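For this chain, numbers begin at 1 and follow the sequence in order. Just so it is clear, the structure is predicted and the values come from calculations on it, not from any experiment. FYI, side chains are in, hydrogens and waters are out, and symmetry mates aren't considered; it's all heavy atoms of this structure.
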Amino acid sequence: MEKLSGIITSEIKSISYSPILFRFTLTNMQDQHYNMLIHTHALNFFQQAKMGSAIEVWAVKNNRNQYVIRRFNVFDSHVLV
């Protein structure tokens with residue numbers, strides 16, 4: 001499992017409703033972009049996060065080079081400490 005942190009730089013889009021699955025892009029401080037998917041606690045994430053939110057995630061990479069989030073923290077500020 002990898003720990004990634006950065007800013008959500010795209011809209012959070014629903015890919016599937018059954019099961020629920022959201023997709024967004026995470027950009028870290030080195031301007032690297034990651035394709036992120038979230039299923040576990042997706043509605044909670046969707047309620048807390050939006051484009052521009054600072055987040056920290058623990059994710060595993062799937063065979064399509066997408067990161068599937070297992071745990072997350074959403075921060076109020078745009079700055080990660």
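- Pairing each heavy atom of Ala59 with each of Met36, the nearest pair is CB-CE, 4.3 Å.
- The heavy-atom pair separating Thr27 from Asp31 by the smallest distance is CG2-OD1, 3.5 Å.
- Heavy atoms only, all atoms of each residue included: Val74 and Ala49 are closest at CG2-CB, 4.1 Å.
- When all heavy atoms are compared, the tightest approach of Pro19 to His39 is CB-CE1, 3.5 Å.
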Discussion item. Please determine whether side-chain contact (heavy atoms from CB on, under 4.5 Å) holds for the pair Ile8 and Ile55, giving the CA-CA distance in whole Å, both sets of side-chain angles, and the decisive distance to 0.1 Å.
Written reply: CA-CA 7 Å; Ile8 298 174; Ile55 63 169; 3.9 Å; yes
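- The side-chain hydrogen bond (donor to acceptor under 3.5 Å, both in side chains) search around Gln30 returns Asn28, not counting sequence neighbours.
- Counting non-hydrogen atoms of neighbouring residues, nucleotides and ligands closer than 6.0 angstrom, the CD atom of Gln32 exceeds 12 such neighbours.
- Minimum heavy-atom separation, Ala42 to Ile20: CB-CG2, 4.1 Å.
- Remark: Phe72 CZ to Ser53 OG distance equals 11.0 Å, nearest 0.5 Å.
- With sequence neighbours left out, Arg71 forms a side-chain hydrogen bond (donor to acceptor under 3.5 Å, both in side chains) with no residue at all.
- Lys13 meets the side-chain hydrogen bond (donor to acceptor under 3.5 Å, both in side chains) test with no other residue; sequence neighbours excluded.
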Donor-acceptor list for residues 62-69 side chains, cut-off 3.5 Å, not counting sequence neighbours:
unit_1 : atom_1 : unit_2 : atom_2 : d
Asn62  : OD1    : Arg64  : N      : 2.9
Asn62  : OD1    : Asn65  : N      : 3.3
Asn62  : OD1    : Gln66  : N      : 2.9
Asn62  : ND2    : Gln66  : OE1    : 3.0

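- Glu56 and Lys3 are joined by a salt bridge, as a carboxylate oxygen and a charged side-chain nitrogen come within less than 4.0 angstrom of each other.
- Contact annotation: the side chain of Glu2 never approaches that of Val60 to less than 4.5 Å [non-hydrogen atoms, C-beta and beyond].
- Considering only residues two or more places apart in sequence or on other chains, Ile15 meets the side chain to side chain contact (heavy atoms under 4.5 Å, CB included) condition with Leu21, Arg23, Leu37.
- For His41, the side-chain hydrogen bond (donor to acceptor under 3.5 Å, both in side chains) criterion is met by no residue, not counting sequence neighbours.
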Item to complete: For Thr9 and Leu26, run side-chain contact (heavy atoms from CB on, under 4.5 Å): C-alpha distance rounded to whole Å, both residues' side-chain angles, the deciding distance at 0.1 Å, then the answer.
Response: CA-CA 6 Å; Thr9 55; Leu26 174 72; over 6 Å; no
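- With rounding to the nearest 0.5 angstrom, the CG atom of Leu43 is 11.5 Å from the CD atom of Gln48.
- Ring orientation note: the planes of Phe45 and Phe24 are close to parallel, at an angle under 30° on the 30°/60° scale.
- For the residue pair Thr25 / His33, no side-chain donor-acceptor distance below 3.5 Å is found, with atom types taken as modelled.
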